[in-house]
Amino acid sequence: MFDLSGMNALVTGASGGIGSAIATALASRGARVALSGSNGQKLRAFREQLIEETGNPEHGDHVEITCDLSNAEQVEELIPATLDTLGGIDILVNNAGITRDNLAMRMKDEEWDDVVRINLEAAFRLMRASARPMMKARFGRIVNITSVVGATGNPGQMNYAAAKAGVTGMTKSFAAEVASRGITANCIAPGFIRTAMTSSLDEKQQDAINSRIPMGRMGEGGDIGAAAVFLASREAGYVTGETLHVNGGMAMLG
Ligand code: NAP
């Protein structure tokens, strides 16, 4: 079950906390992964680590593709570059994301634009570009990483919540368009996940967060990786247009 051998995946934001866990989870199930991010140095270091942990001689090793998702021209080149290096794309994980938090009254146009461009528009461009090769192959898996905040809202995050909610709507529309071609499109909405950012919070701040989570702890990157493996698998072929909430019960949104 959930064997991804022979499948090619592109993961954006692959050097980050959650992206690296998703890439590791997909690779450990046999997928060959194109790792993307804007910082080539970080990507290279992670790729070497991943190859050491999960190198798959049968399908070749994982590759890295540098791409600044705030630059539309670079985004348009990412799927063609993936096809060139991997030879195909079965799984697209739109994971890269940024926050530029501010209260509504103080939010600058650039803070809105940056968040929408990277979290929403880049995901749209990559889904559009992967539609053709996936339709031709009559198989594809799109996994978009949103956030609990896209469903609940959050003070100081009008831009981020709008972008994440936008990804949800976009995913459902795409899912309906391509369902008959063997392509699924779903979202994973993490709650609080332990990453470098949350680890830097002091104990009191972490306790305050944990007290809001019925499971009493933040999630791990691997919790998101496991959800991504499921949605990317052949076995999940009848699941589409859905959002899988992975938040330890913090918001039971079903
Ligand atoms: P992270 O550690 O900050 O990683 C973000 C990733 O996005 C990095 O790999 C970064 O790569 C990439 N990225 C940022 N700007 C980019 C750009 N302009 N071009 C290309 N890549 C760019 O964040 P994370 O916590 O793992 O979050 C991953 C996803 O999960 C995001 O979509 C986030 O919204 C979502 N999420 C996270 C949490 C959480 O608790 N951590 C909760 C809910 C949802 P470079 O450094 O190479 O640019």
Side-chain angles (χ1 to χ4, degrees), residues 1-4 6-13 18-19 22-23 25-26 29 31 33-34 36 69 75-76 78-79 82-83 86 88-97 115-152 160-191 223-247 251-254:
M1 269 244 197
F2 311 134
D3 180 10
L4 306 181
M7 290 168 78
N8 295 309
L10 168 65
V11 178
T12 67
I18 292 177
I22 292 173
L26 297 179
R29 288 277 162 175
V33 188
S36 191
L69 294 177
V75 179
E76 293 296 344
L78 184 52
I79 297 295
T82 305
L83 295 172
L86 293 185
I89 180 163
D90 305 290
I91 304 164
L92 165 65
V93 183
N94 281 306
N95 161 76
V115 167
V116 169
R117 194 171 302 128
I118 290 171
N119 296 31
L120 178 62
E121 189 184 314
F124 154 67
R125 289 181 185 279
L126 295 177
M127 288 166 79
R128 181 175 65 181
S130 53
R132 195 180 297 276
M134 285 182 177
M135 280 166 115
K136 223 168 136 196
R138 299 195 79 78
F139 182 88
R141 296 284 183 263
I142 311 267
V143 180
N144 292 328
I145 308 303
T146 58
S147 168
V148 63
V149 160
T152 61
Y160 183 74
K164 293 300 193 185
V167 171
T168 310
M170 180 169 81
T171 304
K172 291 180 184 180
S173 304
F174 186 83
E177 286 183 24
V178 297
S180 65
R181 312 298 183 99
I183 303 169
T184 67
N186 293 286
C187 296
I188 299 171
D223 293 320
I224 308 303
V229 165
F230 167 65
L231 291 175
S233 69
R234 293 174 181 87
E235 288 84 350
Y238 203 54
V239 180
T240 199
E242 274 304 317
T243 293
L244 187 47
H245 289 274
V246 182
N247 62 32
M252 301 190 188
L253 296 154

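All residue numbers in this chain count up from 1 along the given sequence.
Contact detail for Gly140 and Met134: the closest heavy-atom pair is CA-SD, 3.6 Å. Considering every non-hydrogen atom in both Ala96 and Gly13, the closest pair reads CB-N, 3.6 Å. Counting all heavy atoms, side chain and backbone alike, Val75 lies closest to Ala122 at CG1-O, 4.0 Å. Here the shortest heavy-atom pairing between Ile118 and Gly97 reads CG2-CA, 4.5 Å. Residues Thr184 and Ala236 share a closest heavy-atom pair of CG2-O, 4.2 Å. Heavy-atom minimum distance, Arg141 versus Ser233: NE-O, 2.9 Å.
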Can you give each donor-acceptor pair under 3.5 Å made by side-chain atoms of residues 161-176, sequence neighbours left out, with the distance rounded to 0.1 Å?
unit_1 : atom_1 : unit_2 : atom_2 : d
Lys164 : NZ     : Ile145 : O      : 3.0
Thr168 : OG1    : Lys164 : O      : 3.1
Thr171 : OG1    : Asn144 : ND2    : 2.9
Thr171 : OG1    : Val167 : O      : 2.6
Ser173 : OG     : Gly169 : O      : 3.0

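Taking CD1 from Ile183 and CD1 from Ile142, the interatomic distance works out to 7.0 Å, rounded to the nearest 0.5 Å. Rounding to the nearest 0.5 Å places CG of Leu92 at 4.5 Å from OG of Ser130. Put simply, CG on Asp3 and CD on Glu235 are 8.0 Å apart, with the number rounded to the nearest 0.5 Å. A distance of 8.0 Å separates OG1 in Thr146 from OH in Tyr160, rounded to the nearest 0.5 Å. In this structure, Arg117 CZ and Leu69 CG are separated by 11.5 Å, a value rounded to the nearest 0.5 Å. Taking CD1 from Ile18 and CG from Asp223, the interatomic distance works out to 10.0 Å, rounded to the nearest 0.5 Å.
Pairs of residues two or more places apart, or lying in two chains, that qualify as salt bridge (charged side-chain N to carboxylate O under 4.0 Å, His left out) and include a residue from residues 126-139 are Glu76-Arg128.
Looking only at distances, no side-chain donor or acceptor of Asn95 sits under 3.5 Å from a matching main-chain atom of Val11. With hydrogens and angles disregarded, a donor-acceptor distance shorter than 3.5 Å links the side chain of Asn186 to the backbone of Glu242. Looking at Thr12, its side chain never comes within 3.5 Å of a backbone N or O of Asn94 through a donor-acceptor pair.
With contacts defined as side-chain heavy-atom distances shorter than 4.5 Å, the pair Arg234/Met7 qualifies. Using a 4.5 Å cut-off on side-chain heavy atoms (C-beta onward), Leu4 and Asp90 make no contact. A 4.5 Å side-chain heavy-atom check between Leu244 and Val239 finds every atom pair outside the cut-off.
Annotation: ring-ring contact (aromatic ring centres under 6.0 Å, His included) contacts of Phe124 (sequence neighbours excluded): none. Checked against ring-ring contact (aromatic ring centres under 6.0 Å, His included), Phe139 has no partners two or more places apart in sequence or in another chain. Taking Glu121 as the reference, Arg125 meet the salt bridge (charged side-chain N to carboxylate O under 4.0 Å, His left out) condition, with sequence neighbours excluded. Residues passing the side chain to side chain contact (heavy atoms under 4.5 Å, CB included) test with Ser36 are Leu10, Cys67, Leu78, sequence neighbours excluded.
Other residues, nucleotides and ligands contribute only 12 or fewer heavy atoms inside 6.0 Å of the CZ atom of Arg181.
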Task: side-chain contact (heavy atoms from CB on, under 4.5 Å) between Val93 and Leu26, worked out - done: CA-CA 10 Å; Val93 183; Leu26 297 179; 4.1 Å; yes
